[in-house]
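A quick note: this is a predicted structure, and the numbers were derived from the prediction, not measured. Just so it is clear, the values below take in all heavy atoms, side chains as well, and ignore hydrogens, waters and symmetry mates.
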Amino acid sequence: MGNSGGSLTTRSTGELHRLMRAAGFTGIDGTETLAEGWQTTHFADAGRRSLTALVQRTGTPAVMVSFLDSDVGFIEAATPEGSTWEGLLNRDMATSYEIPLEQFPIERAVAGALAWAATSGLTPDEEAIRQTLTGSALFAEELSSALLVALGLPGAT
């Protein structure tokens with residue numbers, strides 16, 4: 001069982017890799033440009049406060065998914081105004097890792113995701129968010145991509 005990195009999606013006008021390194025992200029690799037300034041960048045590891053530090057540095061919202069063996073995804077999201085939410089992807093697989101599901105209540109994650117998206121100027125799909133947070137996939141990365149679409153990120157597929 002081990003970390004298999006993660007992905008960070010944000011709207012940044014600065015040099016994102018430099019900003020991520022300064023915030024404590026390591027093993028930064030490749031950036032995919034979405035639309036309207038949104039970008040997704042993959043990383044090997046992040047510190048406990050890396051997401052918050054990056055959002056403070058950029059002044060833009062961000063959502064991060066850290067993967068556990070590509071089986072489970074841990075979602076963290078934040079806005080510059082201080083709104084945050086957390087969630088879990090691939091709950092069925094999470095039970096095989098003995099991850100306590102009660103620490104990731106679905107309704108709280110859905111409400112947080114909707115508020116984050118609205119604050120970020122996006123138009124989310126509540127039912128799609130709920131389906132993504134309760135769904136299963138062979139790889140958690142598939143659910144991560146579905147989450148970006150559900151949040152209403154322009155250009156996400």
Undergrad: Check whether any side-chain heavy atom of Ser83 lies under 4.5 Å from a side-chain heavy atom of Trp116, and answer yes or no.
TA: no

Undergrad: May I have all residue pairs that pass side chain to side chain donor-acceptor pair (under 3.5 Å) and include part of residues 135-150, sequence neighbours excluded?
TA: Ser70-Glu141, Asp92-Ser136

Undergrad: Would you list the pairs meeting side chain to side chain donor-acceptor pair (under 3.5 Å) in which at least one residue belongs to residues 20-33, sequence neighbours left out?
TA: His17-Thr31, Thr31-Thr41

Undergrad: For residues Thr10 and Val55, determine if any side-chain heavy atom of one lies less than 4.5 Å from a side-chain heavy atom of the other.
TA: no

Undergrad: Just jot down the side-chain contact (heavy atoms from CB on, under 4.5 Å) partners of Ala146, sequence neighbours excluded, or say none.
TA: Thr132

Undergrad: Go through it in stages, so that I can follow the logic: the residues are Phe67 and Ser7, the test is side-chain contact (heavy atoms from CB on, under 4.5 Å), and I'd like the CA-CA distance, side-chain angles, deciding distance and then a yes or no.
TA: CA-CA 8 Å; Phe67 300 107; Ser7 64; 4.2 Å; yes

Undergrad: Using a 4.5 Å cut-off on heavy atoms from C-beta on, say whether the side chain of Leu51 contacts that of Leu8.
TA: yes

Undergrad: Linking Ile, Leu, Val, Met, Phe, Trp and Tyr through side-chain heavy atoms less than 4.5 Å apart, which residues share a cluster with Leu138?
TA: Phe139

Undergrad: For the pair Phe104 and Phe74, name the ring-plane relationship: parallel under 30°, tilted 30 to 60°, perpendicular over 60°.
TA: tilted

Undergrad: Given Val72 and Arg91, is the side-chain contact (heavy atoms from CB on, under 4.5 Å) satisfied, shown in steps?
TA: CA-CA 7 Å; Val72 178; Arg91 295 174 79 82; over 6 Å; no

Undergrad: Are Val65 and Ile28 connected into the same hydrophobic cluster when the rule is that any two of I, L, V, M, F, W, Y join if their side-chain heavy atoms are below 4.5 Å apart?
TA: no

Undergrad: Is there side-chain contact between Arg49 and Thr52, with heavy atoms separated by less than 4.5 Å?
TA: yes

Undergrad: Rounded at 0.5 Å granularity, tell me how far CE in Met64 sits from CG in Leu54.
TA: 9.5 Å

Undergrad: How many angstroms lie between atom CH2 of Trp85 and atom OG1 of Thr79, to the nearest 0.5 angstrom?
TA: 12.5 Å

Undergrad: CG/Asp71 to CG/Leu89 distance, rounded to the nearest 0.5 angstrom?
TA: 12.0 Å

Undergrad: Can you tell me how far CG of Asp69 sits from CG of Asn90, rounded to the nearest 0.5 angstrom?
TA: 12.0 Å

Undergrad: List, by chain and number, the other hydrophobic cluster members for Val149, where Ile, Leu, Val, Met, Phe, Trp and Tyr join if side-chain heavy atoms come within less than 4.5 Å, directly or indirectly.
TA: none

Undergrad: Quick one: OG1 on Thr134 to CG on Leu143, what's the gap to the nearest 0.5 Å?
TA: 9.0 Å

Undergrad: Taking side chain as C-beta onward, heavy atoms only, is Gln56 less than 4.5 Å from Pro80?
TA: no

Undergrad: Does the side chain of Pro154 reach to within under 4.5 Å of the side chain of Leu34, using non-hydrogen atoms?
TA: no

Undergrad: Using 0.5 Å steps for rounding, measure from the CG atom of Leu153 to the CG atom of Leu122.
TA: 5.0 Å

Undergrad: Run Leu114 and Glu126 through side-chain contact (heavy atoms from CB on, under 4.5 Å) and show every step you take.
TA: CA-CA 7 Å; Leu114 291 171; Glu126 181 175 351; 3.7 Å; yes

Undergrad: Would you mind reporting whether Phe43 and Ser50 have side-chain heavy atoms less than 4.5 Å apart?
TA: no

Undergrad: Would you list the pairs meeting salt bridge (Lys or Arg N to Asp or Glu O under 4.0 Å) in which at least one residue belongs to residues 99-116, sequence neighbours left out?
TA: Glu107-Arg130

Undergrad: Just by distance, with hydrogens left out, do Thr40 and Thr9 show a side-chain donor and acceptor under 3.5 Å apart?
TA: yes

